[in-house]
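Since the structure comes first, as structure tokens, the remarks are kept for the end.
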Amino acid sequence: MRALRVGITGKIGSGKSTFSDVLREKGVEVIDTDTLAKEVMSSDPTLRAELVALLGPDTYRDGSLNTSFVASQIFSDESKRHAVESLVHPAVMLEVERRIANATAGSVVAVESAILVQTGYDELFDVLVMVWASDESVIERGVASGKFSPEDIERRLREQDYSDEIKGFADFLIENNSTKDALRSKCDTIFGIIRAMAFGVLPPEPLRSIEPSEE
């Protein structure tokens, strides 16, 4: 017996963090890969050395990750961004695998990441929940929050590479082009289904990694 593994994904501003919040309120451990990436970049000595070799000594300041410097480097140079991602993503997912392997049997453990499908890591999970919003809604919400300019959001949308076809990878697709209350209601419904699945008998390997039978 093991924990049910849930992947939570969606483009920037789609509302996936709301689904994560609903799960946390119900006692589910949710691992945010953005937060975990910063932790790993600070704590993993091998990764620290690789990042300094790539970006320079200003990558860390007084022993701590210099996030503003790193952001300036990767957002101004696409080749550096890809190089950093190639170092950070495997280290983060290795820690993710360790944590979900240690989750309590019979529980639900979830991982939130915008690029689970694009990186192929969706196969680590039994269930993939995708929260979907139109680019227009994402841009409107991002600008209204005061955190992003339209150009910032458009750039991030291009980087995350969300085409309509990617919807087909989801086991549960939550459309979020309405109100937050409507979104939370949908999240509650999906959680009920997921919680019931956690009580079932699960194979040793994640369900999404199992090839369907041709019979």
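Remember, it's a predicted structure, so these values are computed and weren't measured experimentally.
- In summary, the side chains of D77 and S79 do present a donor paired with an acceptor at a separation below 3.5 Å, with no hydrogens or angles considered.
- Open room surrounds NZ on K147; 12 or fewer heavy atoms of other groups in view lie less than 6.0 Å from it.
- Cluster annotation: L173 and V111 are assigned to the same hydrophobic cluster (Ile/Leu/Val/Met/Phe/Trp/Tyr, side-chain heavy-atom contacts under 4.5 Å, transitive).
- Residues W132 and D164 meet the side-chain proximity criterion, which asks for heavy atoms closer than 4.5 Å.
- Under the 3.5 Å distance criterion, with hydrogens and angles disregarded, no donor-acceptor pair is assigned to the side chains of T33 and E112.
- The number of heavy-atom neighbours closer than 6.0 Å to CD of E85, taken from other residues, nucleotides and ligands shown, is above 12.
- Remark: the N66 side chain and the S64 side chain contain no N/O donor-acceptor pair separated by less than 3.5 Å.
- At a threshold of 4.5 Å between non-hydrogen side-chain atoms, the residues D44 and E95 do not count as touching.
- Heavy-atom contacts from other residues, nucleotides or ligands closer than 6.0 Å to NZ of K38 number 12 or fewer.
- Residues L23 and V131 share a single hydrophobic cluster, defined by chaining ILVMFWY side chains whose heavy atoms lie under 4.5 Å apart.
- Within the 4.5 Å cutoff, no side-chain heavy atoms of M130 are placed close to those of L116.
- When all heavy atoms of M41 and L51 are compared, the closest pair comes out as CE-CD1, 3.8 Å.
- Between the R2 side chain and the L202 main chain, no donor and acceptor come within less than 3.5 Å of each other.
- Between S137 and N177, the closest heavy-atom pair is OG-OD1, 3.2 Å.
- Panel note: side chain N176, backbone A133; no donor-acceptor pair is recorded below 3.5 Å.
- The pair R155-E151 does not count as a salt bridge, with every side-chain nitrogen at least 4.0 angstrom from each carboxylate oxygen.
- With hydrophobic clusters built from ILVMFWY side chains whose heavy atoms lie under 4.5 angstrom apart, V22 does not share a cluster with M197.
- Rounding to the nearest 0.5 Å gives a distance of 4.5 Å between CZ of R208 and CG of D122.
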- side chain to side chain donor-acceptor pair (under 3.5 Å) between D152 and S149, worked out: CA-CA 5 Å; D152 288 334; S149 69; 3.2 Å; yes
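- Note: the hydrophobic cluster containing L128 also contains V109 (ILVMFWY, side chain heavy atoms under 4.5 Å, direct or indirect links).
- Of all non-hydrogen atoms in L183 and G15, the two that sit nearest each other are CD2-O, 3.9 Å.
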- Report the C-alpha separation of F19 and K186 in whole Å, then their side-chain angles, then the decisive distance to 0.1 Å, and conclude whether the side chain to side chain contact (heavy atoms under 4.5 Å, CB included) test is met. CA-CA 9 Å; F19 184 72; K186 294 177 182 178; over 6 Å; no
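- Because its NZ or CZ atom is both nearer than 6.0 Å to the ring centre of F199 and within 45° of the ring axis, R195 counts as a cation-pi partner of that residue.
- Residues I190 and C187 form no side-chain contact, since every pair of their non-hydrogen atoms from C-beta on lies 4.5 Å or further apart.
- Put simply, the side chain of V88 does not reach to within 4.5 Å of the side chain of V40, judged on heavy atoms.
- Sparse packing is recorded around CZ of R61, with 12 or fewer heavy atoms of other residues, nucleotides or ligands lying under 6.0 Å away.
- Between the side chain of R98 and the main chain of M93, no donor-acceptor pair closer than 3.5 Å is present.
- Hydrophobic cluster membership is shared by L4 and V129, with clusters built from Ile, Leu, Val, Met, Phe, Trp and Tyr side chains linked at under 4.5 angstrom.
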- Message: If you apply the rule salt bridge (charged side-chain N to carboxylate O under 4.0 Å, His left out), what do you find for E159 with R156, and how did you get there?
- Response: CA-CA 5 Å; E159 290 169 356; R156 295 188 183 212; 5.8 Å; no
- Applying side chain to side chain contact (heavy atoms under 4.5 Å, CB included), run through V52 and Y60 and close with a yes or a no. CA-CA 8 Å; V52 169; Y60 295 89; 3.7 Å; yes
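- Shown here for S178 and A182, the closest heavy-atom pair between the two residues is OG-CB, 4.1 Å.
- With respect to the salt-bridge test (charged N to carboxylate O, under 4.0 angstrom), the residues R5 and D126 do not qualify.
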- Working for side chain to side chain contact (heavy atoms under 4.5 Å, CB included), residues H89 and I115: CA-CA 10 Å; H89 287 169; I115 52 173; 3.3 Å; yes
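- Exactly one residue among I31, L87, L36, D34 makes a side-chain contact (heavy atoms from CB on, under 4.5 Å) with V92. That residue is L36.
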- Message: Set out, in order, the CA-CA distance, both residues' side-chain angles and the distance that settles side chain to side chain contact (heavy atoms under 4.5 Å, CB included) for F125 and L207, then state yes or no.
- Response: CA-CA 7 Å; F125 303 97; L207 292 174; over 6 Å; no
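- Y162 contributes a side-chain N or O that, together with a main-chain N or O of G10, makes up a donor-acceptor pair within less than 3.5 Å.
- Looking only at distances, a side-chain donor or acceptor of T9 sits under 3.5 Å from a matching main-chain atom of S113.
- Closest heavy-atom contact between I153 and G142: CD1-CA, 3.4 Å.
- L54 contributes atom CG, which lies 7.5 Å from atom OG1 of T59 (distance to the nearest 0.5 angstrom).
- Ion pairing of R184 with D181 is absent here, as no side-chain N (NZ or NE/NH1/NH2) approaches a carboxylate O to less than 4.0 Å.
- Looking at K16, its side chain never comes within 3.5 Å of a backbone N or O of I8 through a donor-acceptor pair.
- A donor-acceptor pair shorter than 3.5 Å cannot be found between the side chains of S185 and D188.
- Proximity of P203 to I210: side-chain heavy atoms (C-beta onward) are separated by under 4.5 Å at one or more points.
- Between S76 atom OG and R81 atom CZ the span is 11.0 Å, to the nearest 0.5 Å.
- In this structure, L47 and A91 approach most closely via the heavy-atom pair CD2-CB, 4.1 Å.
- Of the residues I12, I139, V143, the one that meets the side-chain contact (heavy atoms from CB on, under 4.5 Å) test with F148 is I12.
- For the residue pair K11 / Q160, no side-chain donor-acceptor distance below 3.5 Å is found, with atom types taken as modelled.
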